[in-house]
There are 2 protein chains.
Amino acid sequence: MARHPTREQIELTDVLSALGNPLRLKIARVLDAHGERNCGSVLDAPISKSTLTHHWRVLRDAGVIWQKPSGRENLLSLRRDDLDARFPGLLDSVLRAPD
Amino acid sequence: MARHPTREQIELTDVLSALGNPLRLKIARVLDAHGERNCGSVLDAPISKSTLTHHWRVLRDAGVIWQKPSGRENLLSLRRDDLDARFPGLLDSVLRAPD
DNA sequence: TCGTATGTACGACAACGTACGTACAGTTGC
DNA sequence: GCAACTGTACGTACGTTGTCGTACATACGA
């Protein structure tokens with residue numbers, strides 16, 4: 001189900017596409033600022049759960065986030081180590097940039 | 001016709017989406033490495049002119065490239081100054097990253 | 001055990017993206 | 001003038017993306 005790419009499998013264009021959506025960029029910023037969250041507590045916006053599930057998948061498949069089951073929750077976190085190792089400086093410049 | 005955004009109008013998600021396509025990423029790298037080129041001399045790949053026109057528009061509208069008419073040619077160049085000013089470090093990390 | 005909470009799976013649908021062929025418009029040079 | 005060159009405009013086809021509702025699976029707690 002949850003197929004996370006290995007560090008070496010993470011592709012630049014996938015990461016850029018994933019973060020090239022305003023909602024997903026926001027998600028990445030929240031995870032960067034606040035650390036691990038469950039799916040329901042990342043955003044306040046009135047977005048349907050099925051839409052969010054879609055965005056978790058895009059971010060996970062691109063290698064931007066980890067998705068770790070924990071009880072009945074699914075904990076989300078940024079793959080900062082892997083992204084920094086593979087694309088040095090990229091995540092910082094994206095997360096710190098103005099919109 | 002050719003509507004380039006001002007430096008302040010360049011949006012991060014537009015830039016990320018534009019560079020989140022392998023062909024456009026390649027184009028940006030060629031322009032970075034070799035400087036100003038006309039449309040026909042950027043890529044060797046057998047891609048139709050109308051498809052390329054589409055990609056020039058995406059890159060131009062996102063603020064990634066300048067498109068400057070010159071005689072019967074259209075000279076393309078990276079907007080490095082603007083991108084570096086607005087999103088420090090972003091372009092370098094993208095262009096230097098592995099695919 | 002049974003209801004509640006959390007999140008996924010699936011199907012639908014409009015909008016967008018990417019590719020092409022063809023036709024056209026401007027510039028250059030013979 | 002006119003043919004060749006450079007690139008855009010337009011129409012088209014087809015896959016992808018983003019959104020939702022509904023149904024479902026799993027885990028927790030009373």
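All of these numbers come straight from a predicted model, not from anything done at the bench. Both backbone and side-chain heavy atoms feed into the values below; hydrogens, waters and symmetry mates do not. We name chains A, B, ... by the order of the sequence lines, and we start the count at 1 in each one.
Rounded to an integer number of Å, the gap from CG of A/Leu76 to P of C/dT6 is 14 Å. Going from atom CG of A/Leu75 over to atom P of C/dA5 covers 19 Å, rounded to whole Å. If you take CG of B/Leu59 and P of D/dT8, they are 12 Å apart, rounded to a whole angstrom. For B/Leu52 and C/dG21, the CG to C1' distance is 14 Å, given to the nearest whole Å. Rounded to a whole Å, the CZ atom of A/Arg60 is 12 Å from the C1' atom of C/dA9. Between B/Trp56 atom CH2 and C/dA19 atom C1' the separation is 15 Å, expressed in whole Å. Across the protein-nucleic acid pair, B/Asn38 atom CG and C/dT28 atom C1' stand 14 Å apart, rounded to whole Å. Going from atom NZ of B/Lys68 over to atom P of D/dT6 covers 18 Å, rounded to whole Å.
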Inset, instruction - Could you run through nucleotides 14-30 of chain D and give me one letter per nucleotide, 5' to 3': B if any protein heavy atom sits under 4.0 Å from the base, S if only the sugar-phosphate is that close, - if neither? - result: ----BBBB-----BB--
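Among A/Lys26, A/Arg80, A/Arg79, the one residue that satisfies the salt bridge (Lys or Arg N to Asp or Glu O under 4.0 Å) test with A/Asp32 is A/Arg80. Checked options A/Asp81, A/Asp82, A/Asp84; the residue passing with A/Arg7 is A/Asp82 (criterion: salt bridge (Lys or Arg N to Asp or Glu O under 4.0 Å)).
Residue pairs meeting the ring-ring contact (aromatic ring centres under 6.0 Å, His included) criterion with at least one member in residues 23-73 of chain A, sequence neighbours excluded: A/His4-A/Trp66.
Residue B/Gln67 places at least one side-chain N or O closer than 4.0 Å to OP1 or OP2 of D/dT8. In this model, the phosphate group of C/dG17 is not approached by any side-chain N or O of B/Arg57 to a distance below 4.0 Å at OP1 or OP2.
A salt bridge between B/Asp61 and B/Arg57 is absent, with no side-chain N of the basic residue lying under 4.0 Å from a carboxylate O of the acidic one. Salt-bridge check for B/Arg86 with B/Glu8: failed, with every basic side-chain N at 4.0 Å or more from each acidic carboxylate O.
In this structure, the separation between CG on A/Leu59 and CG on A/Leu78 is 9.0 Å, given to the nearest 0.5 Å.
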